[in-house]
Amino acid sequence: MADAALVELAKRRGFFFGSNGAYGGTAGFYTFGPQGAALKRNVESAWRDRFTLQEGNREIESPTVMPEPVFEASGHLETFDDMLVECGECGDSHRADHLVEDATDVEDAEALPAEEVETLIRDHEIACPACGSPLAGRDVEDFNLMFATDIGPGDGQRGYLRPETAQGIFVEFPRLKEYARGNLPFGITQIGPAYRNEIAPRGGLLRLREFTQAELEQFIDPETDDPPLERVTDVEVRLYPAAEQTKPDGDYRHTTVGEAVADGTIGSPWVGYYLGVAMEWYERIGVDLNRFRFRQHLAGERAHYAADCWDAESEVDGDWIEIAGFAYRGDYDLSKHDAYGDDTFTVFKRYDEPKTVERATVDPDMSVLGPAFGGDAAAVADALETLAERDPEAFAAETVAVEVDGETHEVDADVAGFAVEEVTETGEHITPHVVEPSFGVGRTVQTLLAHAYETDEVDDEERTYLSLAPEVAPRDAAVFPLVTSDERLTALADRVAADLRAAGLAVSYDDSGSIGRRYRRQDEVGTPFCVTVDRDGIETDGAETVTVRERDSAAQVRLPVDELAGELTRLLSGESFEALTDRYETVETDVETN
Ligand code: GAP
C-alpha cells in the first residue's frame with residue numbers, strides 16, 4: 001500500500017500520529033492512538049507469549065536512564081554513530097550513507113570510511129534533499145546517537161537514555177544469574193522503550209527517536225549448550241546470505257532451518273533456532289510471508305558487538321525494512337562489563353567429576369622485593385603471579401623479567417618462590433555467550449498494517465479493510481443496535497456488549513450512522529467480527545438472536561445470544577467462520593434496516 005494512504009488511515013482511525021502537534025510537532029516521536037495502542041499491546045503480548053512464556057524465559061523491567069560508565073563499557077559511547085552530512089546552505093542534517101545508497105549502486109555505504117562517502121557525494125553530485133544545494137565538499141562526520149542527560153542536580157552524574165533495552169539486562173547479569181541458580185542456558189527478556197537521536201527520522205514508525213524494543217538475551221555455554229533445534233528444523237525460510245548479496249546474480253535460498261544450520265549457511269544453531277521461532281511467530285501475527293525474508297549482515301554492516309547477524313526484513317511500500325535482528329554477540333558484553341564494572345559477570349561451571357591439575361604458583365619474598373622495587377613491589381608480585389599462570393617455563397631461567405607500567409623489572413627466580421602444585425578443581429569460571437533476538441515493535445506494527453491493508457467491493461461499494469489476525473486486532477468484536485429508536489434493540493445490544501466484555505473480549509459499541517457505515521468503520525480498524533442486534537432477533541418466538549458478520553468475507557450468520565460468547569471465543573482462537581455457516585442460518589450481507 002502507498003505510504004501516504006497508510007499514514008492517512010493511521011491518523012484518521014487512531015492508530016498513530018506525530019506527537020506534540022499543538023507545538024509544531026517533534027520529528028521522530030509518535031503517539032499511538034486508541035486503536036494503535038491496543039494493536040501494539042497485542043503484538044507485545046503475542047511476543048511475550050512466544051519468546052518469554054513458551055521458551056521458559058524470564059522477563060525484567062529495568063530503567064531507561066543509565067550512567068555513562070555503562071556505555072563506556074558497552075562501546076556505545078565510542079562507536080554508536082551514524083554518518084552525518086550537514087547542508088552548507090540550509091543547515092539541514094542528513095544521513096550521508098543513505099544519500100549515497102539512494103544515488104548510487106552502493107548497498108551498504110555505512111560500512112565505508114567517511115572519506116570514501118565524501119568522494120561518492122562529490123562524484124555523484126549529490127544534493128541536499130531539502131534545498132537542492134550541492135553537498136560536495138561538505139565533511140561527513142560521526143554523530144553519536146545517544147541522548148545525554150544529567151542524573152541529579154549540579155555536577156550530578158552524566159547519564160544516557162538507553163539506545164537498546166539489552167544493556168539493562170547485561171548490567172544486571174550478576175543478580176540475574178543468581179535467580180537462574182548459576183545454571184546455563186537461561187534467557188532474559190525485556191519489552192520497553194529505547195532512544196536514538198536519529199539524524200533523519202522517517203517513514204511513520206520506521207525510524208523514530210523513541211521506539212519500543214522486545215529483546216531476548218539468551219545466555220549460553222558455547223561449548224556445551226545446544227538449542228532444541230528439532231522443534232523448528234522443518235520450518236521453511238527464505239534466506240538472503242551475505243555471499244549471495246555480493247554476487248551480481250545473487251539470489252535467495254529457499255530452505256529449512258535444519259538444512260541451513262546443517263550446511264553452515266546459518267553459522268550458529270542458536271541463531272538458526274530463533275530464526276525458526278520468529279518465522280512461526282511472524283506467520284501467527286499476520287505478516288505476509290511472501291513479503292518477508294531473513295537477510296544476513298555483510299561483514300562491514302555488523303554492529304560493534306556482533307560476530308554474526310541476520311535481520312528479519314519485511315517489504316513495506318516497495319522497500320525492505322529491518323524489523324528484527326538476530327545477533328551472535330559472543331562474550332562481548334559480559335566481558336566488557338566484567339572488565340569495567342565492580343561485579344562478576346561469569347558463571348561457575350561445575351565439572352561432572354573433580355579434576356586434579358597442576359597449577360604454577362609464586363610466593364615472592366617481599367623482604368627482597370620491597371627494598372628492590374619500592375612502591376612497585378606489590379605490582380611486581382602480581383605480575384610474577386600472572387606470568388606463572390601464563391608461562392611457567394619463564395621461571396626455569398636464573399632471572400625473570402616482568403613489565404609494570406611499561407617498565408621491565410628483573411627478579412631473581414629464587415626470590416619469586418615459584419612452585420608447581422597439584423590442586424583439585426571442581427569447576428571453572430566461564431563468561432557466557434549471548435544470542436540476541438531483538439525486535440522493533442513499531443516496525444512490526446507498521447508491517448502488520450501495511451500487509452493487512454486490502455480493498456474490495458461489498459454491495460457495489462468500494463471498501464478498505466485491514467485483515468489483521470484476530471490475536472493482534474485492536475478489538476475482538478463490535479456490537480451495534482440496528483436502530484436507536486427502538487429501546488428493545490439498544491437494551492439488548494448493551495447487554496450483549498457487557499456479556500462479551502465480561503467474557504474477556506475487547507468490544508466496541510457503535511450506534512451512530514447507517515449500519516453500512518458502522519461496518520466500514522470497523523473494517524478499517526480490522527475488527528474481525530461485528531454483532532448486530534435487529535428486530536428479527538427479538539421478535540421471533542424462542543431465543544433472542546443476533547447476526548455475526550465476518551470482516552474479510554462480509555458473510556453473516558444468525559445465532560442465539562446465549563451461544564454468542566462461546567462461538568466468538570472459538571472464532572478468535574482460530575476456528576473458521578465456515579464452521580459457523582454450516583451450523584447456523586446465513587443472512588444477506590450488510591442489512592440496512594428491518
Ligand atoms: N540490541 C540490539 C539492537 O538494538 P538493532 O538492530 O539496533 O539491535 C533492533 O535494533 C530493532 O529495533 C531493529 O530491528 C528495529 O526493528 C528496531 N529499531 C532500531 N532502530 C529503530 C528506530 N530508530 N526506530 C524504530 N525502530 C528501530
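Along the sequence shown, residues are numbered consecutively beginning with 1. Atoms within each ligand, like the ligands themselves, are counted from 1 in listed order. Heavy atoms only: backbone and side chains are in, while hydrogens, waters and symmetry mates are out.
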Assess the side chains of Gln296 and Asp308: does a donor N or O sit below 3.5 Å from an acceptor N or O?
yes
Non-hydrogen atom of Thr444 closer than 4.0 Å to ligand 1:
no
Check the angle between the aromatic planes of Phe170 and Phe219 and answer parallel, tilted or perpendicular using the 30° and 60° thresholds.
perpendicular
Close aromatic pair by centroid cut-off 6.0 Å: Phe17 and Phe15:
no
Per-atom contacts, ligand 1 versus Leu205 - under 4.0 Å to a heavy atom
25 (C)
Angle class for the Phe294/Phe292 ring planes (parallel below 30°, perpendicular above 60°, tilted otherwise)?
perpendicular
Tell me whether Glu283 at atom CD has more than 12 heavy atoms from other residues, nucleotides or ligands lying less than 6.0 Å away.
no
Classify the contact between Leu206 and ligand 1 as side chain, backbone, both or neither, using a heavy-atom distance cut-off of under 4.0 Å.
backbone
Near Glu215 (heavy-atom distance under 4.0 Å), the atoms of ligand 1 are 1 (N), 2 (C), 3 (C), 4 (O)
Here the atoms of ligand 1 under 4.0 Å from any heavy atom belonging to Glu436 are 1 (N), 2 (C)
Compute the ring centroids of Trp281 and Phe439, then answer whether they are less than 6.0 Å apart.
yes
Using a strict cut-off of 4.0 Å, indicate which atoms of ligand 1 neighbour a heavy atom of Ile323.
14 (O), 16 (O)
Here the atoms of ligand 1 under 4.0 Å from any heavy atom belonging to Arg329 are 1 (N), 2 (C)
If you measure from each heavy atom of Glu217 to ligand 1, is any distance below 4.0 Å?
no
Just to be sure I read this right, does ligand 1 sit under 4.0 Å from the backbone of Glu198, its side chain, both, or neither, counting only heavy atoms?
side chain
Is it the side chain (CB and beyond), the backbone, both or neither of Glu322 that lies under 4.0 Å from ligand 1, heavy atoms counted?
both
State whether Lys40 and Glu44 are salt-bridged, where the test is any N-O pair (Lys NZ or Arg NE/NH1/NH2 against Asp/Glu carboxylate O) under 4.0 Å.
yes
Number the atoms of ligand 1 from 1 as they appear, then name those within less than 4.0 Å of a heavy atom of Glu164, with their elements.
1 (N), 2 (C), 3 (C), 4 (O)
Should you measure from each heavy atom of Ala324, which atoms of ligand 1 turn up under 4.0 Å away?
14 (O)
If the cut-off is 4.0 Å to any non-hydrogen atom of Leu208, which atoms of ligand 1 fall inside it?
22 (C), 23 (N), 24 (N), 25 (C)
Any nitrogen or oxygen of Pro163 lying under 3.5 Å from a nitrogen or oxygen in ligand 1? Just yes or no.
no
Hey, can you pull the donor-acceptor pairs under 3.5 Å for the side chains in residues 156-163, sequence neighbours left out?
unit_1: Tyr160; atom_1: OH; unit_2: Glu68; atom_2: OE2; d: 3.0
unit_1: Arg162; atom_1: NE; unit_2: Pro193; atom_2: O; d: 2.8
unit_1: Arg162; atom_1: NH1; unit_2: Ser62; atom_2: O; d: 3.1
unit_1: Arg162; atom_1: NH1; unit_2: Ser62; atom_2: OG; d: 3.4
unit_1: Arg162; atom_1: NH1; unit_2: Pro63; atom_2: O; d: 3.3
unit_1: Arg162; atom_1: NH2; unit_2: Pro193; atom_2: O; d: 2.9

Any chance you could lay out the salt bridge (Lys or Arg N to Asp or Glu O under 4.0 Å) test for Arg48 and Glu59, step after step, and finish with the verdict?
CA-CA 8 Å; Arg48 177 175 289 112; Glu59 182 174 357; 2.7 Å; yes
